[in-house]
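Starting off with a structure, shown below.
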Protein chains: 2
Amino acid sequence: MELSERKLKILQAIIYDFVKTAEPVGSRTLSKNYDLGISPATIRNEMSDLEDMGYLSHPHTSSGRIPSEKAYRLYVDQMMDKRELTDMQKNAITARLHSNVTEIENLVERAAQILSEMTNLTAFAMTPRRDEDVLSYVNLLPVDEKTVVLMIVSQSGKVSNTALRLRKPVTQETLNFLSKHMTYNYKGKTISEALTLDIIETVKEDAESMAMYEETVVPSFVKTLEDMLNVNLYMDGYTNIFSLPEYNDMDKARTFIEMINRKEEFTQKLIGRDDGVIVTIGNENQDESMSDYSLVTATYHVNGKQVGKIGVIGPTRMKYSEVTSVMEFLTDNISQAFKLTEGDDDE
Amino acid sequence: MELSERKLKILQAIIYDFVKTAEPVGSRTLSKNYDLGISPATIRNEMSDLEDMGYLSHPHTSSGRIPSEKAYRLYVDQMMDKRELTDMQKNAITARLHSNVTEIENLVERAAQILSEMTNLTAFAMTPRRDEDVLSYVNLLPVDEKTVVLMIVSQSGKVSNTALRLRKPVTQETLNFLSKHMTYNYKGKTISEALTLDIIETVKEDAESMAMYEETVVPSFVKTLEDMLNVNLYMDGYTNIFSLPEYNDMDKARTFIEMINRKEEFTQKLIGRDDGVIVTIGNENQDESMSDYSLVTATYHVNGKQVGKIGVIGPTRMKYSEVTSVMEFLTDNISQAFKLTEGDDDE
DNA sequence: AGTTAGCACTCGAGGTTGCTGAGTGCTAAC
DNA sequence: GTTAGCACTCAGCAACCTCGAGTGCTAACT
């Protein structure tokens with residue numbers, strides 16, 4: 001069977017109505033509230049077809065229809081009109097995003113806030129990943145006789161460090177020697193590259209006979225590098241989901257809160273997603289635990305390389321059109337901001 | 001009226017039963033399940049007295065009694081028996097607290113986990129405050145021509161830093177000069193002291209004629225110091241409250257989740273509390289939004305000076321005796337661990 | 001042939017009713 | 001002072017009813 005123009009129109013109306021009301025949509029209401037020009041009976045026939053084709057389903061015999069995931073997919077891919085935000089909305093977003101924001105972290109946090117408020121969903125924003133950030137500097141600094149600080153600085157200005165306690169006192173010369181050699185070995189490498197190198201071997205060489213430092217310096221070096229890769233995940237609107245009728249049940253709400261609070265896990269899920277604005281609906285999500293939700297993510301860029309993500313999570317019944325528009329505008333805006341932030345020494 | 005021995009016994013039984021069941025307790029059940037040696041009628045008379053005295057209340061005419069906040073307070077102050085944990089419990093806690101834990105942050109996070117699991121409540125743990133930590137070191141390090149890193153190291157090994165972008169290139173000599181002077185001025189001072197000093201004046205002097213660095217170095221210095229004071233708040237068992245009958249209502253659950261997610265606010269509340277094991281019940285909490293909950297906090301110590309807090313939040317109907325016992329043991333254990341961690345270079 | 005009106009049927013939501021069980025307070029007897 | 005007895009209260013639950021919004025099917029209409 002083909003999807004006639006009329007079937008598409010009906011489907012669109014059903015999706016629109018269901019997204020708005022969360023109630024199964026019947027033929028009567030449809031013909032009353034939408035200007036389709038056909039009678040309820042005809043609509044019923046068409047709906048029956050649409051159900052056979054997998055676009056609609058029936059909670060129980062005598063209730064209206066609800067859109068299936070397949071219907072949402074069709075909607076997102078083909079039917080959805082990308083609505084431009086109004087200038088007022090745009091200005092409001094830009095203003096809020098930048099007011100009183102001095103640091104990257106703040107900006108990202110703010111993005112999550114704005115996103116959650118504008119969509120009434122649970123929103124999140126990830127700080128950029130630094131895989132591709134380039135090391136510029138490794139340094140060992142004395143604190144006291146037996147304490148040194150290992151410090152790694154990247155080109156983008158990220159600094160990460162670890163304090164080490166040593167068994168024996170160490171001289172300034174030794175530290176200088178180690179610092180220079182480590183810098184020589186790692187400068188210009190990306191963090192990811194540095195981690196794949198055989199660090200133990202390299203450091204061993206650097207340290208030459210100073211085997212006693214291996215056990216302290218090497219693990220700390222790895223740990224410090226890994227620390228530079230850590231991303232922060234900001235979330236906002238945790239409880240927005242509580243106002244939605246589909247989560248009016250304690251168990252569901254609980255499961256949701258528990259899921260989004262396993263932040264490392266959640267971050268991994270996000271990192272695995274493709275770039276650009278990506279919508280995954282219900283069972284399209286790899287993860288079983290997410291099969292009741294839709295996830296929309298988008299990427300922003302820092303210097304064209306480091307990539308961060310923002311997104312929302314909510315019921316499959318969500319205003320995809322609005323959500324994707326807001327997110328697109330927001331990521332453009334953040335990327336823009338990061339160009340300024342990171343490049344303000346170029347002027 | 002006086003609280004006779006018998007009234008106390010009855011009150012205790014009511015508290016015990018209500019904490020267990022969350023149901024108002026009637027005279028019949030009381031005489032059936034507790035070995036009080038008196039008839040329901042007598043119990044009724046006594047309960048009536050206890051109600052007059054403010055220890056009990058009546059949801060409606062024909063229901064049983066529930067303990068008032070005053071009753072819980074009496075219980076916590078005078079009636080509660082401090083129960084020692086069993087050796088098995090103790091060992092389990094100690095093992096979990098230390099297994100695979102390499103860092104302070106991890107240990108604190110773990111403490112929140114254990115606490116929430118053992119009490120079935122929402123638990124939190126704060127990393128220690130570093131007000132009293134002593135500065136040992138201020139350093140400015142070149143990254144590239146116009147970028148330097150400001151680094152502050154404390155005696156306890158905490159390192160905090162900020163990357164600065166400068167308008168003009170700076171020489172190594174200038175940086176050395178500034179580093180030395182700042183270290184000279186701040187070494188040995190606690191972070192709080194350092195913040196109360198007139199930093200601008202001091203740095204000005206250090207920098208002498210180099211006024212151009214003032215605008216960059218000074219704010220960053222303050223920011224970096226403040227950064228060292230930041231505490232982290234770990235939470236666990238967010239949703240434990242969902243299983244309790246008193247929060248079987250969406251609105252209440254939502255309010256709760258929202259409250260504990262305002263982390264900065266919540267951290268401030270915690271910091272304001274006295275040392276030791278502190279119980280505040282319902283309206284005893286300053287904060288209006290907490291008047292439905294009881295908050296139990298306890299302090300652990302690092303080197304006898306830096307202080308961190310752990311705690312739980314839950315309904316006023318909670319097993320105070322169990323909770324305080326677990327928390328006492330846990331804080332002792334953490335303090336112990338921090339002695340080892342911070343002092344492991346002394347051996 | 002496609003569209004529509006009509007009809008019998010289904011089902012969830014919401015309101016009413018009545019019963020039960022656990023409670024209370026009071027009074028009078030022990 | 002303690003207790004048994006009694007009349008009364010009230011939340012919770014199940015049974016029942018009605019109502020409204022649906023559906024699918026058939027037969028008539030254009």
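Computed from a prediction, not measured in an experiment: that's the story for all the values here.
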My understanding is that a pair needs two contacts under 3.5 Å, Watson-Crick or G-U wobble. By that rule, which nucleotide pairs with C/dT27? D/dA4
State which of C/dT3, D/dC10, C/dC11 makes the closest approach to the side chain of A/T42. C/dT3
A/S39 and A/R44: CA distance, side-chain angles, deciding distance, side chain to side chain contact (heavy atoms under 4.5 Å, CB included) verdict: CA-CA 9 Å; A/S39 80; A/R44 278 206 286 285; over 6 Å; no
Quick one: B/R28 CZ to C/dG21 P, roughly how many Å, whole number? 11 Å
Verify whether one side chain among B/R317 and B/S294 offers a donor that lies under 3.5 Å from an acceptor in the other. no
Partner nucleotide, any strand, of D/dC13 [Watson-Crick/G-U, under 3.5 Å]: C/dG18
Side-chain donor/acceptor of A/R44 to base of D/dG24, under 3.5 Å: yes
Rounding to an integer number of Å, can you tell me how far A/E23 CD sits from C/dG12 C1'? 11 Å
What is the separation between atom CZ on B/R65 and atom P on C/dA22, rounded to the nearest whole Å? 18 Å
Taking 4.0 Å as the cut-off, does a side-chain nitrogen or oxygen of A/S27 come that near to OP1 or OP2 on D/dT23? yes
For B/D17 and C/dG23, what is the distance between atoms CG and C1' respectively, to the nearest whole Å? 14 Å
Between B/G37 and A/N45, whichever has its closest DNA chain D nucleotide further toward 5' is B/G37
What integer distance in Å separates B/L56:CG from C/dG25:P? 11 Å
Just to be sure I understand the rule, does B/T29 reach a base, reach only the sugar-phosphate, or reach nothing, if contact means heavy atoms closer than 4.0 Å? sugar-phosphate
Let me know, please, whether B/S62 or B/P40 comes out on the 5' side of the other along DNA chain D by nearest nucleotide. B/P40
Is it true that atom CD of B/Q286 has more than 12 heavy atoms of other residues, nucleotides or ligands lying nearer than 6.0 Å? no
What is the distance from CZ of B/F18 to C1' of C/dG23, rounded to the nearest Å? 15 Å
Spell out yes or no: do the side chain of A/S39 and the base of C/dT4 have one donor N/O and one acceptor N/O closer than 3.5 Å? no
Are A/Y238 and A/F256 an aromatic pair by the rule of ring centers under 6.0 Å? no
Between D/dT23, C/dT4, D/dT3, which one does the side chain of B/I38 approach most closely? D/dT3
Taking the side chain of A/H58 as heavy atoms from C-beta outward, which of D/dG24, D/dA4, C/dT24 is closest to it? D/dG24
So, is B/T61 near the phosphate of D/dC8, with a side-chain N or O under 4.0 Å from OP1 or OP2? no
Which heavy atom in B/P315 sits nearest to a heavy atom in B/Y320, and how many Å separate them? O-OH, 4.5 Å
Rounded to the nearest Å, what distance is computed from the CD atom of residue A/E46 to the P atom of nucleotide D/dG24? 13 Å
Length of the NZ-C1' vector between A/K32 and D/dG20, whole Å: 10 Å
